[in-house]
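The chains referred to below are lettered A, B, ... by the order of the sequence lines, with proteins before strands, and numbering in each begins at 1. All values below come from the heavy atoms of this structure, side chains included, with hydrogens, waters and symmetry mates left out.
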Protein chains: 2
Amino acid sequence: MASKKNHKRDWAGSAESHDHRICIVDALDKAAELCSQRGARLTQIRRRVLELIWSSHRPIGAYSLLKVLKEERANAAPPTVYRALDFLLEQGLVHRIQSQNAFIGCADPNHQHNGMFLICTDCGNAVELEETKIDRLLKSSASSRGFVIESRTVEAAGLCPDCQIN
Amino acid sequence: MASKKNHKRDWAGSAESHDHRICIVDALDKAAELCSQRGARLTQIRRRVLELIWSSHRPIGAYSLLKVLKEERANAAPPTVYRALDFLLEQGLVHRIQSQNAFIGCADPNHQHNGMFLICTDCGNAVELEETKIDRLLKSSASSRGFVIESRTVEAAGLCPDCQIN
DNA sequence: TAGCGATTGTTATATTATAACATTTATGGT
DNA sequence: ACCATAAATGTTATAATATAACAATCGCTA
């Protein structure tokens, strides 16, 4: 009957590897600080959406966010979420995972960058990499064809250490 | 009045850099050969969808394909296109461009691989790279975290040589 | 040529995302 | 404090992408 596992235990993510509550608080604090420095307004909605996104290390979709928001704010609608996401993306506080049409918190919002991710196909968790070498290679490969890169998507799917055990 | 250019001339793509008709014919021939070898059926619909995808070097969306198909086959519907796309993706004859929900012909269908692309934000053309170094780096970066990659997406957006001129 | 699996037809619907316009809220200048 | 303004949010509608489910047909082979 091949029961499909669906880990709560987390490689990147939750109780067993770290206290995720701190993860969330840190992310929100840093976001508040950055927005303040930039004169950008981290409103209630935006802050709450960011918090929801940080509620796990799994990318989360716009309509999942909406579902939760609706319980708290009866008039939440798709634009409510998408506008908040637009803001958070602009501020570099979250990244979009193109292969999933979903969103995840940025690990290092201090400097603007496109994320680079390892995404577990089993537990769903994602970790952000910073591999300057890959960017350099990609840039030089592009350059050799006269192409100038403005942004890029790098997403790898596979099995995280925890999920390989099974 | 900043008129928006929209090149027909092509870096990767059409009349000025190569005879694209040959491009299409080659792709279809190779697809037929591969499918035959594999005992996979390149039916009329599948062949036609592949041909439409190869009609330019721009990634094309499922509903653009559908629009054309409908002119030829009154009963074409979304599943018609998506099934053909599923087949072509399985056979490695096309790649999905995640950042655009669109599809493009595979430059080298002989060996199964995920594509790696440079996509011009101006003219829309895409070229497929093969950078084994990037894959090696990504693999080793994943490996150092105990992660095993099964597939990946690498897409860079920017300006192709032609479109930088303006 | 009967049976079977693969392919296609058909209808309906799920999921993701944006357009357009109305209303409310926050903020700086006076 | 008050007003003008821009920014943010509310609201309704719809566009764009993708899949589910079941029926009909096709093509191979036993």
Side-chain angles (χ1 to χ4, degrees), chain A residues 31-32 35-53 58-91 93-104 124 153 155, chain B residues 31-32 35-53 58-91 93-104 124 153 155:
Chain A
C35 286
S36 160
Q37 283 170 16
R38 296 170 182 169
R41 291 170 52 196
L42 188 63
T43 62
Q44 272 226 311
I45 294 177
R46 290 164 176 178
R47 190 186 154 82
R48 181 63 177 133
V49 168
L50 182 58
E51 188 180 16
L52 291 172
I53 289 172
R58 277 178 258 255
I60 183 171
Y63 281 78
S64 299
L65 292 167
L66 179 56
K67 196 176 169 194
V68 180
L69 268 193
K70 263 189 169 157
E71 289 166 8
E72 304 166 354
R73 194 176 261 273
N75 50 10
T80 313
V81 172
Y82 281 101
R83 284 165 180 160
L85 288 170
D86 286 346
F87 173 86
L88 296 170
L89 288 166
E90 262 170 29
Q91 296 299 322
L93 297 169
V94 307
H95 294 293
R96 181 189 184 92
I97 302 295
Q98 301 283 10
S99 54
Q100 300 187 3
N101 294 327
F103 304 86
I104 192 163
T153 298
E155 297 168 13
Chain B
C35 287
S36 159
Q37 283 172 16
R38 296 170 183 168
R41 289 170 53 197
L42 187 63
T43 61
Q44 272 226 310
I45 294 177
R46 292 165 175 176
R47 189 186 154 84
R48 180 64 177 133
V49 168
L50 182 59
E51 187 180 18
L52 290 173
I53 289 172
R58 278 176 258 254
I60 183 171
Y63 282 78
S64 298
L65 292 167
L66 179 55
K67 197 176 168 197
V68 180
L69 269 193
K70 265 189 168 156
E71 289 165 9
E72 304 167 355
R73 194 176 262 272
N75 49 11
T80 314
V81 172
Y82 281 102
R83 285 166 179 160
L85 289 170
D86 286 346
F87 173 86
L88 297 171
L89 288 166
E90 262 169 30
Q91 296 298 322
L93 297 170
V94 307
H95 294 294
R96 180 187 186 94
I97 302 295
Q98 301 283 12
S99 55
Q100 300 186 6
N101 294 326
F103 304 86
I104 192 163
T153 298
E155 295 168 13

Taking [atom1] from [X] and [atom2] from [N], how many angstroms apart are they, rounded to a whole number?
X	N	atom1	atom2	result
B:L42	D:dG27	CG	P	14 Å
A:Y82	C:dT18	OH	P	7 Å
A:L89	C:dT18	CG	P	10 Å
B:R96	D:dT19	CZ	C1'	12 Å
B:Y63	C:dA14	OH	C1'	11 Å
A:R47	D:dA8	CZ	P	17 Å
A:L66	C:dT15	CG	C1'	12 Å
A:L65	C:dT16	CG	P	11 Å

Query - Selected nucleotide, minimal atom distance to B:P78 side chain, candidates D:dT11, D:dT19, C:dG9 - result: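 For the B:P78 side chain, the nearest candidate turns out to be D:dT19.
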Report task. Could you check which of D:dA20, D:dT11, C:dG9 has an atom nearest any side-chain atom of B:P79? Result ->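 Side chain of B:P79 sits closest to D:dA20.
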Do [X] and [Y] come within less than 4.5 Å of each other through their side chains, counting heavy atoms only?
X	Y	value
B:L93	B:I53	no
B:R96	B:I104	no
B:R73	B:Q44	yes
A:F87	A:L42	yes

Report summary line: Assert: residue with more 5' nearest nucleotide on DNA chain C, out of B:T80 and A:S64, is B:T80
Report task. Name the residue closer to the 5' end of DNA chain C, choosing between A:F103 and B:A76 according to the nucleotide with the nearest heavy atom. Result ->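 That would be B:A76.
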Query raised in the report: Taking only N and O in the side chain of B:N101, is any of them less than 4.0 Å away from OP1 or OP2 of D:dA18?
Result: yes
Query raised in the report: Just to confirm, is there a sub-4.0 Å distance from OP1 or OP2 of C:dT7 to any side-chain nitrogen or oxygen of B:R46?
Result: yes
Requested in this report: Hey, which sits more toward the 5' end of DNA chain D by its nearest nucleotide, A:A77 or A:F87?
Outcome: A:F87
**Report entry** Nearest-nucleotide comparison on DNA chain D, the residue closer to the 5′ end among B:R41 and B:A62
**Finding:**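 Final value for this comparison: B:A62.
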Query raised in the report: Can you check whether A:Q91's main-chain N or O pairs, donor with acceptor, with A:R38's side chain at less than 3.5 Å?
Result: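 It does hold such a pair.
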Report task. Give a yes or no on whether a donor-acceptor pair under 3.5 Å exists between the nucleobase atoms of D:dG10, that is its base, and the side chain of A:R83. Result ->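 Checked by distance alone, the answer is yes.
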